[in-house]
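Below is one structure, written out as structure tokens; comments come after it.
By convention here, the first residue in the shown sequence is residue 1. Note that these values count all heavy atoms, side chains included, but never hydrogens, waters or copies made by symmetry.
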Amino acid sequence: MTAANTPPVLTAAVPLAYVDREGTVESVHLGTVAVLDADGRITGRGDPGVRFLPRSALKPVQAVALLRAGLDLDGELLALACASHSGEAGHVEGVRRILGGAGLTEDDLDNTPDLPLSADAAAGAVPAPILQNCSGKHAAMLAACVAAGWPTTGYRDPEHPLQRLVRDTVADLTGVAPAITTVDGCGAPLFDSTPAGLATAFARIAVADPATPEGRVGAAVRAHPWWVGGTGRPVTGIAEAVPGLIAKDGAEGVLAAALPDGRALAVTVLDGSPRPLPVIAADVLTGWGAGSAELDAAGRADVLGHGRPVGAVRLAPR
């Protein structure tokens, strides 16, 4: 690979965190952080304007599009529409409630069959679309199609009216028109953005009027963090530790979060590991005055040796 054809995401990254095993640096996580202040100014580490794939961190933005299409969800079920859930019993039942409210069943789901993320829930289970972590989003997409009078068949097609609305909503809230459309792990279209754009979208959701689609999504994610992740999930722990926070993670090392005053952050880790995400997020949030014992615990990533902590993931020097 020459400098001329090096992907921009590689040159945009800087060291964000490292693995410390009893004083030895074992590995280093590179990436980019976008930090948005309450006045809309962007700072961060690396290049927050680089294009990348936000993966499931875009789900709250997608949920705004579904409400704009006429979907009538709020509370825990709207949070579930934004979720990469663990597949625990409550999550699965919630997906059935979303589908049932639109006169649909789990047979209408067209996301990838999978096992729950929760090891306990996965024990003895058979892969199925409803157990896959994106089933809340897919159920809500189907319900939005019913509400808008659009066909449910082919709802994953990027040219379906629903997905065109999602793409337009991503551009609207992030301020970045998607240049790439690919396929996410669950089968839904995936649009690119930038860390700065993702942070901007979360800020707009966090400060929105409660009566708007953005405000409804923000209220749901803020009030129901378990529905967004699940038991023991880092994204749920961080959201529970900081009152008023909205937070969502995504595959390949992505996390975005925002406070009610519009301060927001977005992180992408170059090697795709989620391990440093809570450490980085907790550092930014603590710098904003949101620190607490609960956040310290949620933002800790221990390194184990024979089952006991022998180090930790630590922030790289700035």
Side-chain angles (χ1 to χ4, degrees), residues 7-14 16 30-37 40-68 81-84 134 137 141 156 158-159 162-208 213-214 217-218 221 228 235 246-259 262-272 274 277 280-281 284:
V9 71
L10 297 184
T11 57
V14 298
L16 298 180
L30 307 178
T32 302
V33 181
V35 177
L36 183 72
D37 70 18
R41 291 185 293 264
I42 290 282
T43 58
R45 306 194 64 190
D47 179 5
V50 68
R51 286 188 176 269
F52 80 120
L53 299 176
R55 300 295 298 271
S56 285
L58 267 181
K59 283 177 178 173
V61 180
Q62 292 170 318
V64 170
L66 305 188
L67 296 182
R68 289 179 176 181
C82 301
S84 299
C134 299
K137 176 183 78 174
M141 284 182 170
R156 292 192 297 104
E159 295 308 314
L162 180 71
Q163 302 303 343
R164 292 204 302 268
L165 177 58
V166 170
R167 182 170 55 238
D168 290 345
T169 303
V170 171
D172 177 32
L173 293 186
T174 65
V176 180
I180 299 168
T181 302
T182 183
V183 183
D184 212 334
C186 64
L190 171 61
F191 306 108
D192 72 323
S193 188
T194 66
L198 185 61
T200 298
F202 269 65
R204 289 176 174 170
I205 290 170
V207 303
E214 295 91 330
V217 168
V221 172
V228 176
V235 68
I246 62 170
K248 182 67 188 78
D249 55 351
E252 301 302 326
V254 182
L255 185 141
L259 291 171
R263 287 178 290 177
L265 67 99
V267 184
T268 176
V269 178
L270 193 59
D271 61 13
L277 293 175
I280 297 164
V284 175

- [ ] Check whether any side-chain heavy atom of L53 lies under 4.5 Å from a side-chain heavy atom of E252, and answer yes or no.
- [x] no
Task: Nearest heavy atoms of A13 and T32, plus distance in Å - done: CA-OG1, 4.0 Å
TODO: Taking atom types as modelled, find out whether K137 and S84 have a side-chain donor-acceptor pair closer than 3.5 angstrom.
DONE: no
Task: From SG (C82) to CG (L58), nearest 0.5 Å - done: 11.5 Å
Open item on the list: Assess the residue pair I205 and V61 against the criterion (side-chain contact (heavy atoms from CB on, under 4.5 Å)); give the C-alpha distance rounded to whole Å, side-chain angles, the decisive distance to 0.1 Å, and a yes or no.
Closed with: CA-CA 8 Å; I205 290 170; V61 180; 4.3 Å; yes
Task: K59 side chain near C134 side chain, heavy-atom distance below 4.5 Å - done: yes
Open item on the list: I need the minimum non-hydrogen distance between F191 and Q163, along with the two atoms involved.
Closed with: CZ-O, 3.8 Å
Task: Nearest non-hydrogen partners of A206 and L259, listed with the distance - done: CB-O, 3.3 Å
Open item on the list: Please find the pair of heavy atoms, one from P60 and one from S56, that lie closest to each other, and give the distance.
Closed with: CD-O, 4.3 Å
- [ ] For residues R55 and K248, determine if any side-chain heavy atom of one lies less than 4.5 Å from a side-chain heavy atom of the other.
- [x] no
Task: Passing candidate, side-chain contact (heavy atoms from CB on, under 4.5 Å) with V64, options T169, L165, V166, D172 - done: T169
Open item on the list: As an exercise, state the distance from CZ of R41 to CG of D37, rounded to the nearest 0.5 Å.
Closed with: 4.0 Å
- [ ] Check whether any side-chain heavy atom of T200 sits under 4.5 Å from a side-chain heavy atom of L198, and report yes or no.
- [x] no
Open item on the list: Rounded to the nearest 0.5 Å, what separates atom CG in D192 from atom CZ in F52?
Closed with: 9.0 Å
TODO: Supply the atom-to-atom distance R164 CZ to E159 CD, rounded to the nearest 0.5 angstrom.
DONE: 6.0 Å
- [ ] Enter the distance from M141:CE to Q62:CD here, rounded to the nearest 0.5 Å.
- [x] 4.5 Å
Task: Test item: V176 and R51 side chains (from C-beta on) under 4.5 Å apart, heavy atoms - done: yes
Open item on the list: Quick check: closest heavy atoms across L36 and A203, and the distance to 0.1 Å?
Closed with: CD2-CB, 3.4 Å
Task: Note: R68-D168 ion pair, threshold 4.0 Å (strictly below) - done: no
Open item on the list: Donor-acceptor pair, distance only, cut-off 3.5 Å: does the side chain of D184 make one with the backbone of G187?
Closed with: no
TODO: Could you grab the distance from atom OG1 of T194 to atom CG of D47, nearest 0.5 Å is fine?
DONE: 9.0 Å
Open item on the list: With side-chain contact (heavy atoms from CB on, under 4.5 Å) as the test, pick out the partner of L277 among T268, V254, V267.
Closed with: V267
Task: Over all atoms of both residues, closest heavy-atom pair of A196 and I42 - done: CB-CD1, 4.0 Å
Open item on the list: Measuring only between side-chain heavy atoms, which start at C-beta, is P274 closer than 4.5 Å to V269?
Closed with: no
Task: Beyond-backbone contact of V33 with V14, side-chain heavy atoms, under 4.5 angstrom - done: no
